Amino acid sequence: MPDDRLQHASEALRRASAAATDAEIQRRLYDLSDRLAALAAADEEPDGDDLMQHLHALGDLREATSGDVSEQVNDALESVRERREELDG
């Protein structure tokens, strides 16, 4: 069953990637979107440590962006954070 929060985060990052003007940021957003989409579609529960690494990457991307792109990254960050908190119990 797909993980709705991780899928939402992936979609937010796709939108951010499409709106980004910097090619390197665009690539990083797209790559992270792919990784989150794979986690969302996986049959097993995501690993909390993996999600923490994604949270750090999202925080870095949020700091490196502005405007709508930053808002989309923040939206993705919140979704991943909520999912990770579920794993912690």
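Everything numeric in this text was worked out from a predicted model, so none of it was measured.
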I'd like to know if the side chain of [X] and the backbone of [Y] have a donor-acceptor N/O pair within less than 3.5 Å.
X	Y	value
R84	G48	yes
S17	L29	no
Q72	L13	no

Is a side-chain donor-acceptor pair under 3.5 Å present for R62 with S70?
no
How far does [atom1] of [X] sit from [atom2] of [Y], to the nearest 0.5 angstrom?
X	Y	atom1	atom2	result
E11	H8	CD	NE2	7.5 Å
Q53	D47	CD	CG	8.5 Å
L6	S10	CG	OG	9.0 Å
L32	L58	CG	CG	5.0 Å
L87	D50	CG	CG	10.5 Å
L39	R83	CG	CZ	10.0 Å

When you compare the side chain of D60 with that of R28, does any pair of heavy atoms fall below 4.5 Å?
yes
Check [X] against [Y] and note the closest heavy-atom contact, atom names and distance.
X	Y	result
V73	A16	CG2-CB, 4.2 Å
I25	A64	CD1-CB, 3.8 Å
S33	R14	OG-NE, 2.6 Å

Would you please test N74 and E71 for side-chain contact (heavy atoms from CB on, under 4.5 Å) and show each step?
CA-CA 5 Å; N74 194 57; E71 288 177 23; 5.6 Å; no
Any chance you could lay out the side-chain contact (heavy atoms from CB on, under 4.5 Å) test for L36 and Q7, step after step, and finish with the verdict?
CA-CA 7 Å; L36 289 173; Q7 184 61 41; over 6 Å; no
Set out, in order, the CA-CA distance, both residues' side-chain angles and the distance that settles side-chain contact (heavy atoms from CB on, under 4.5 Å) for D31 and R27, then state yes or no.
CA-CA 6 Å; D31 289 348; R27 183 194 58 77; 2.9 Å; yes
Is there a continuous path of hydrophobic side-chain contacts, each under 4.5 Å between heavy atoms, that joins V80 to Y30?
no
